There are 2 protein chains.
Amino acid sequence: MIPHAGIIVLADSLLFYIIYFLSILFLIKKNNCLKKKISIHDLARELKISATTISFVLNGKATEKRISSEVETKILEYIQKVGYKPNLVAQSLRTGKSKIIAMLVESIDDSFFASIAKVIEVTAYKLGYKVFFASTENETEKAKQLIRLFRDRQVDGFIIAPPPGIEKEITALLEDNCPVILFDRHLPTITTTNVLIDNFDGAFSATNHLFENGFKKIAFVTLDSTQSQMQARLDGYQKAIKQAGTVSKILKLSYNLLHTEISEKIKEFLQKNKQLDAVLFATNYLALGGVDAINQLNLKVPENLAIIAFDDDLIFQLLSPSVTAVAQPVQEMSEEVIKQLMKSLAVEDQSAQQKETIILKTKLIVRKSAINFSSVKNLRTAG
Amino acid sequence: MIPHAGIIVLADSLLFYIIYFLSILFLIKKNNCLKKKISIHDLARELKISATTISFVLNGKATEKRISSEVETKILEYIQKVGYKPNLVAQSLRTGKSKIIAMLVESIDDSFFASIAKVIEVTAYKLGYKVFFASTENETEKAKQLIRLFRDRQVDGFIIAPPPGIEKEITALLEDNCPVILFDRHLPTITTTNVLIDNFDGAFSATNHLFENGFKKIAFVTLDSTQSQMQARLDGYQKAIKQAGTVSKILKLSYNLLHTEISEKIKEFLQKNKQLDAVLFATNYLALGGVDAINQLNLKVPENLAIIAFDDDLIFQLLSPSVTAVAQPVQEMSEEVIKQLMKSLAVEDQSAQQKETIILKTKLIVRKSAINFSSVKNLRTAG
DNA sequence: ATAATTTGTGAAAACGTTTGCACAAATAAA
DNA sequence: TTTATTTGTGCAAACGTTTTCACAAATTAT
């Protein structure tokens, strides 16, 4: 009896181990987000039709490949029934296309970029694309890494608001025949499709608006940046100043300041320059820093100081007084970007495609912060 | 001479066509974002070492698989030299893992979600993951579609701020052994890891803060929503009201209103209820609508009406007067979410892993909009 | 000396598609 | 009737990995 029992125990525990081992294997296999999904070969087996034919039908090549309509409908109905969806990763591997586009912006936090991103996302989705977003923080190194990363992920194309110094990487992308659309900023040495706004005119008009409303001593608060869009805004301001025959006053802040640092610098600037009666801010967050500074100095807007911001934001409407802003045509811009990208994606050879530069006009949203008070006077110099 | 020339011409044009055809083929092959990258087999050929061995070394299994250290260093050096990077798509196909995690939030525009997203993105990146973001707009149908979409993309896990009615899809994910971390909201019927804040306590404390500052008639403006976090905020408010022995006044707004519609409704509400001397807003954008309404009614904050917002935002600091807000611990929350997700990803069997519910405390950021003025009086009832 | 084990490596299958090519059957042309 | 063409379909290779299994050589045990 005893050896007998021993054998049974052995057999038992062996069975146990086998089951245990198999279940481990099973779990490992299942440890992704898919239940065992049907493949095109499963369909082939069920329908007794080759995977090739099914693939043709799925890719709309039924007529081109002269698949009979009976077979076609049979396939389509079955697919409908079982809810088959092709494995995108396998598709990607085979075709080299990922149906993913990468979008690099300065910061996805920023309302301007967030709005653009949203429009692009929904449009791209309708066209069968997903969009990967990432923030460069305007740092060259980070942008390089991101381009590298997305390339490894086999994205089909790029939408980039380029930080400075990224020319080489973008040229490399174009040479590898990878579509790139630049927007918001211009890189003079790169020839690819560009979607821009007329920054010069935006700043020029805004400055003139201040003159027309009786303000005389207009400062410009901007970033210490050589980027084209910042340069153009500065040029627009200076053109207007020159035309009015008055004198410019410019504060350049370095790039990566925190909100509190920005407002601190602007506060100092305003205290040192009490002759000013208006300020044009080169970006929305500089304007927000300015508002903070103005509040701290207990200045009245626009009686003591008028302000205009570049890039509109919901907050400008809510502040009291509300803030006049140079609005970028977000919707139009987004549509243009995606349109251009799709055009590039459809084309075999990027170098053969002709590159466009699209320049859109800004719109001045007039609010109280820069409005015409008949009795404009600068109470600060008086005080 | 003439037939001779003809043959030459024929040969010429034939060659031309062959070259043309080949170049077309070449371009089609190149029409993704990769120049012809080296594969593991290319390495194998160059090094005269099998792809298997190289793969082992690459995946850190050198010792486990007892690869000799000479071979290992030889491989590593060569890889370094030529800058080889494995094809992630192929890896994904073979392993079923994508190193992508999906994050579904209400709206990526919203500053609360945007901040969380940012922290999660950088943390995930350090851990070798990319994050796909998408906005549900709190619509069940859209969320379902997105889950479906991401599943097709073989994401490894989900981070979701769940809209109502999404229980079934989430259960399905969990059953398929796909890690899901819920945050911001709670779904009572789902047992998975949850990262939440103490909404009840946040609203309770905020309301009490108003009482302590001498305000007596406190209203609550919220969404007409059954979602747990909204319910908890309401409960917190009512508990405080009850405890103070006063009476509650609640405005419930429907979900998808525009900013202007929100402020319009609040304006009506305030006009109908002139006895109120304070309002607690259940979300940041409701508070912004409220600020707009208050501006339009020319009310003084906090003299006529004190306000507190749920969810802090830079704008609350900039508005004048600045707005007191219940701040969510964004950093802490994000870290907890990603920590929990990584824990889940590391585990074979999701159903075996024990699920935690983490509840974090809010912090009341006291600003001017709800501050204690000794001479508090409600000028509106007087007027 | 033979057998068993360890050590280090490679061959080949698999993941799920797409696509070049082959090919049989049906039709048209000779 | 034979040959060429069209029509409809399927085989098998390829995309670039990972991983199971096999196996030869070196070492150790018998």
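Predicted model only: the values in this text are computed from it and were never measured. Order of the sequence lines sets the chain letters (A, B, ...), proteins ahead of strands, with each chain counted from 1.
- Contact check on A:Lys118 versus B:Glu137 returns a salt bridge, with a Lys/Arg side-chain nitrogen under 4.0 Å from an Asp/Glu carboxylate oxygen.
- Each of A:Gln91 and B:Ser68 was matched to the nucleotide of DNA chain C holding its nearest heavy atom; the match closer to the 5' end belongs to B:Ser68.
- Residue B:Ser55 is in base contact, counting any heavy-atom pair closer than 4.0 Å across all strands shown.
- Using a 4.0 Å heavy-atom distance criterion, B:Thr52 is classed as a base contact.
- A:Asp152 places its CG atom 11 Å from the P atom of D:dT17, with the value rounded to the nearest Å.
- Mapping A:Leu93 and B:Val71 onto DNA chain C by nearest heavy atom places B:Val71 at the nucleotide closer to the 5' end.
- Ion pairing of B:Glu336 with B:Lys339 is present here, as a side-chain N (NZ or NE/NH1/NH2) and a carboxylate O approach within less than 4.0 Å.
- Nearest-nucleotide positions on DNA chain D place B:Ala90 closer to the 5' end than the other of B:Ala90 and B:Lys61.
- In this structure, A:Ile49 reaches the sugar-phosphate backbone alone: every heavy-atom distance under 4.0 Å involves primed, P, OP1 or OP2 atoms, never a base.
- Salt-bridge annotation for A:Arg148 and A:Glu169: absent, with no side-chain N of the basic residue lying under 4.0 Å from a carboxylate O of the acidic one.
- Nucleotide C:dT17 holds its P atom 9 Å from the CG atom of A:Leu58, rounded to whole Å.
- Between B:Lys37 and B:Asp42 there is no salt bridge, since no side-chain nitrogen of the basic residue lies less than 4.0 Å from a carboxylate oxygen of the acidic one.
- Within 3.5 Å, a donor on the side chain of A:Arg94 pairs with an acceptor on the base of C:dT18, or the reverse.
- Centroid-to-centroid, the aromatic rings of B:Phe133 and A:Phe133 stay 6.0 Å apart or farther.
- In this structure, B:Tyr84 reaches the D:dT17 phosphate: one of its side-chain N or O atoms is under 4.0 Å from OP1 or OP2.
- Between the P atom of D:dG10 and the CG atom of A:Leu43 lies a distance of 13 Å, rounded to the nearest Å.
- For the OP1/OP2 pair of D:dT9 and a distance below 4.0 Å, the side-chain nitrogens and oxygens of A:Thr53 include no atom meeting the criterion.
- Across the protein-nucleic acid pair, A:Ile67 atom CD1 and D:dT6 atom C1' stand 14 Å apart, rounded to whole Å.
- In the set D:dT20, D:dT7, C:dT19, the nucleotide with an atom closest to the side chain of A:Arg66 is D:dT7.
- The side chain of B:Asn87 contributes no N or O atom lying less than 4.0 Å from OP1 or OP2 of D:dC15.
- Computed from coordinates, the A:Glu64 CD to D:dG8 P distance equals 14 Å when rounded to whole Å.
- Atom NZ of A:Lys65 and atom C1' of D:dT6 are 15 Å apart (whole Å).
- The nearest whole Å value for the distance from the NZ atom in B:Lys48 to the C1' atom in C:dT9 is 16 Å.
- What separates NE2 of B:His41 from P of D:dG16 is a distance of 8 Å, to the nearest Å.
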